[in-house]
Each structure stands twice: as C-alpha cells, then as structure tokens.
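Quick notes on the structure that follows.
Order of the sequence lines fixes the chain letters, A, B, ..., with proteins taken first and strands second; residue numbering starts at 1 for each chain.
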Number of protein chains: 2
Amino acid sequence: MSFPAHYERPPEHPRGRRDGEGTRERLLEVAAAHISAAGFHKMSIASVAKDAGVSQSGLLHHFRSKAALLSAVLEQRESEDNLFLFGDGEVPLGWDAFDALVSLSARNSTRPEMVQLFVRIAAEATDPAHPAHDWLARHYSGLRAWLSDAIDRGIAEGTMKEELPKAATISTAIAVLDGLQQQWVLDSEAVAMTGGVRAYVRGLKMLWGIGPESS
Amino acid sequence: MSFPAHYERPPEHPRGRRDGEGTRERLLEVAAAHISAAGFHKMSIASVAKDAGVSQSGLLHHFRSKAALLSAVLEQRESEDNLFLFGDGEVPLGWDAFDALVSLSARNSTRPEMVQLFVRIAAEATDPAHPAHDWLARHYSGLRAWLSDAIDRGIAEGTMKEELPKAATISTAIAVLDGLQQQWVLDSEAVAMTGGVRAYVRGLKMLWGIGPESS
DNA sequence: AGGAACCAACCGACTGCTCGGTCGGGCAAT
DNA sequence: ATTGCCCGACCGAGCAGTCGGTTGGTTCCT
C-alpha cells in the first residue's frame, strides 16, 4: 500500500484531471470566511484565491464572476441548513417548528463565521441590485411559509390557541433569531443567543399553548 | 430667472464666507442617503460630494476622511433619536420604556432611509476594524443599560413580576426591534414592523405584568 | 502498445476603472 | 493679510474581469 489514502476511494465519478473538486470546495470555504469577515463588497476575489492557494484566474475558472462565487456559497450553506432542519424528510410543524428554531440557534452558536456571513449578507442584500437580493427574499418567504404551516397545524391539532396573532408572531420569531445573531456577532459575551431564543419560545408557549405545552 | 432654483435661497445666516454651515449639513444629509442605499464601504465620497453640489475636495475640507464623515452622520442621527426618546428630560422607565420602543418603531416606519442606514451600519460595523465599531458597541450597551434600569424600576414599583428573565428579555426586545427593521427594509409590504413590536410588548405585559397592565 | 486529439485545470500579464486622499492654489469676506 | 471655503489636477493602490497561454490526465484510433 504505497498509495496515499485518497487513491483508495472508489472511483465514483471518473473525475478530476488534477483536483478540480477539491480546490472548488476550498475556494467556497475560504470565500465564506472572507465574506463573513469583510462583507461581500469589501471582499476581493484575489485575496480569496490567494488564501485558497490558486491564482485569481484559477478562481475565475471555477466561478465565472464574483457574484457566481457568492451564489455558490449561499447555495451550499442553505442546503446544509435545510439538511439540518428537515434532514429526516419530515418537516417539523406545530410547536416542533419553534423547537427546531431553538436547535438551529444552538447549532449556529457553534459556527460563528456562518452567523457572521448571514448577518452581513442579510444587510447588504437589502439593496435590490445586490446579487444575493433574490436569494434573501426567497430565504425569508420560505421561512415565513414554513412557520405559517407550522402554526396552522398547531391550531388544527389543538396545541395552539386560535387567537394567536399569526403574522406578527411569524415575523417576530424570525426577528428574534436574526436580531440576537446580530448582537451575538458583535459581542458574544454579552448576549446569550440560544438562551434568548429559548426564553422567547417558552413565552410563546405560555401565551398561546394549550395543554401540557403551556407549562 | 436664468439661475437654477437653489441660487435663490435666502442667505439666512450671514455667517461664513460663503456658506460653510449650509453645505456641511447638505453633505451630511446626502451622505446618510448614500450610506443607507449602498452601505458605507460601497459608498464613494466623490458621489456624495457631487450630489451635494461640491467637489470631492470640498467635502474633504469639511470632513477630513470618509470615516470622519460617517462619525458625523451617526452622531447627528443618534442625537435626533435621543431627543425623540428622552427629549423631555424624563427617561421613561418601567413599562413606559417598552412603550417608548413601540413609538420609536412607529417613528422609524416613517423614515425608511434612516432604518436602512442603521441596518447597514449594524451589520458592517460588526467588524472590529470598522470605523463605526465602537459607536455600535456603545449604542447597544447604552440600550441595554436603559432597559435594565427600566425593568429594575418596574419590579421595584410592583408593575413587573420578579421572575421576569431580565437579560434574555432585554436582548430579545432589542432583537425584535432590529430584526423587524431588517425584514421591513427588505419588504415593507410583507412585514408590519410597528405592529410586530406592539404585539411583542403586549405579550411581555401579559406574561410579566402585574395589575391592570397585564390585561 | 503507442500516439494524436482533446479538454479540464490552472497560471501570469494585463486592461480599464474606481477609490480615498494630497497638493497647490484661487476667491471672497473680514 | 489673513482666514474660511472650495476647486482642479493628480497619485498610488486596489478592483473585477480578459486573454493567451501551458500542463497533464483521459480517450479514442490505429
């Protein structure tokens, strides 16, 4: 066995002249780090390429433009999050959805760079001309739709009160997530992110829960 | 009348050789608009100067650097907000403080550019090297201190329950403000900003209020 | 088996542009 | 004559993206 370990992997795709897949992934990783540290506008593709050990042209071989690089980063991160939230194929509804928000927050507290990335993009992409604007809009409308279904289910199955102010609760729950992330990124000592989300959800259950949930 | 309209403005203050004070204020106004539209990093002082009707060098006469311009903008906006919140010399405490947050939100919903400005700066200035980083940190710690006093007072005067989770409530209340602003800036149709804040505060009162407040 | 053709994966040099900031003035009111 | 206000010309740095390569594994033809 004189071959390096990765040669032993099953061939899968008859892939790769040199190591296209590998550098592509490294580029995505480094790009995410740079965006989260500097923002998309301030980040330069040259520095990303340098840190990933390729030339700028090498980067542009894999991603046709700076915007394309951003899209790829966002797409990857989102699919990771969706896998975490809905990975088992079963979308959590009712109070389970709000509990899932708490776990999401807990998970995020172990990946500060990811939170940074989102905080930055969320603010930058407010501009309709920003390359991630559409992505962000879809992100929020997707979240809202999910929580809307979750509340409908909760009411239907009798675990949530009908008087629950739906629209306001949905927006506010998302705001709590995002706003706590923002403060946490600025000063992770001063703010207990997950604790805040958990306390908020507990409050929701006390106000609008029915049965054992509302304890 | 062959002169453009702005030449006809009355001299008002006879001060300054030409009109130092006036252009300075125009610059601040235009700068705020540009920052809120593009973010601080992407904004260029040349374009600000142009829109304000002076040369770039003219701008740099009034503000020694781009960062100095930002500081001046933030300082002005914050003093306006403080005037609105605490203008009468009496700092609102107890539930009055949370009601003040609702009014602040209502006021903000009439000044979208101002909200944009804050959303952008709050995300950018996360970076410790950002010129507004210290300002932002002070902004948050000031808010937290105020709300902390407010809750202490509420408990002391018997309008808030002692079990109220203080730290979490403070951070979460601020998060609701900021997070709803973020969503509102992205899509002011889809989100009822002030309504969300009001509903949140109402929930707080139901959970932790004592007496007629908790209806 | 051997070689030609092909193509993904890079690289270095370069272009056109924008940026924040400097410098040496001019002009008008005091 | 000084001082506050403002300008045009300019500079060096950094930017995203283009262009014309080279390299080396893969594939197909003989």
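Between B/His62 and D/dC6 there is a side-chain polar atom (N or O) within less than 4.0 angstrom of OP1 or OP2. A/Thr23 has no side-chain polar atom (N or O) that falls below the 4.0 Å cut-off from OP1 or OP2 of C/dA9. Within the 4.0 Å cut-off from OP1 or OP2 of D/dC6, not a single side-chain nitrogen or oxygen of B/His61 is found.
Listed for the B/Gln182 side chain is no donor-acceptor partner under 3.5 Å among the backbone atoms of A/Asp178. Of the possible donor and acceptor atoms, none in the side chain of A/Lys42 sits under 3.5 Å from a partner among the backbone N and O of B/Glu124.
The pair A/Asp152-A/Lys166 counts as a salt bridge, with a side-chain nitrogen and a carboxylate oxygen less than 4.0 angstrom apart.
Rounded to a whole Å, the CG atom of B/Leu27 is 12 Å from the P atom of D/dC5. Separating the CZ atom of B/Phe63 from the P atom of D/dG4 is a distance of 17 Å, rounded to the nearest angstrom. Protein atom NZ of A/Lys50 is 16 Å distant from nucleotide atom C1' of C/dG12, rounded to whole Å.
Heavy-atom neighbours of B/Arg153 CZ from other residues, nucleotides or ligands within 6.0 Å: at or below the threshold of 12. For CD of B/Glu75, the number of neighbouring non-hydrogen atoms (other residues, nucleotides, ligands) closer than 6.0 Å is 12 at most.
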Subject >> Protein proximity profile, nucleotides 10-21 of chain D - base contact B, sugar-phosphate-only contact S, no contact -, cut-off 4.0 Å on heavy atoms >> reply: -----SBBB---
Original post:
Which is it for B/Arg26 and B/Glu29 under the salt bridge (Lys or Arg N to Asp or Glu O under 4.0 Å) test, yes or no, and what are the steps along the way?
Top reply: CA-CA 5 Å; B/Arg26 250 169 35 241; B/Glu29 213 169 299; over 6 Å; no
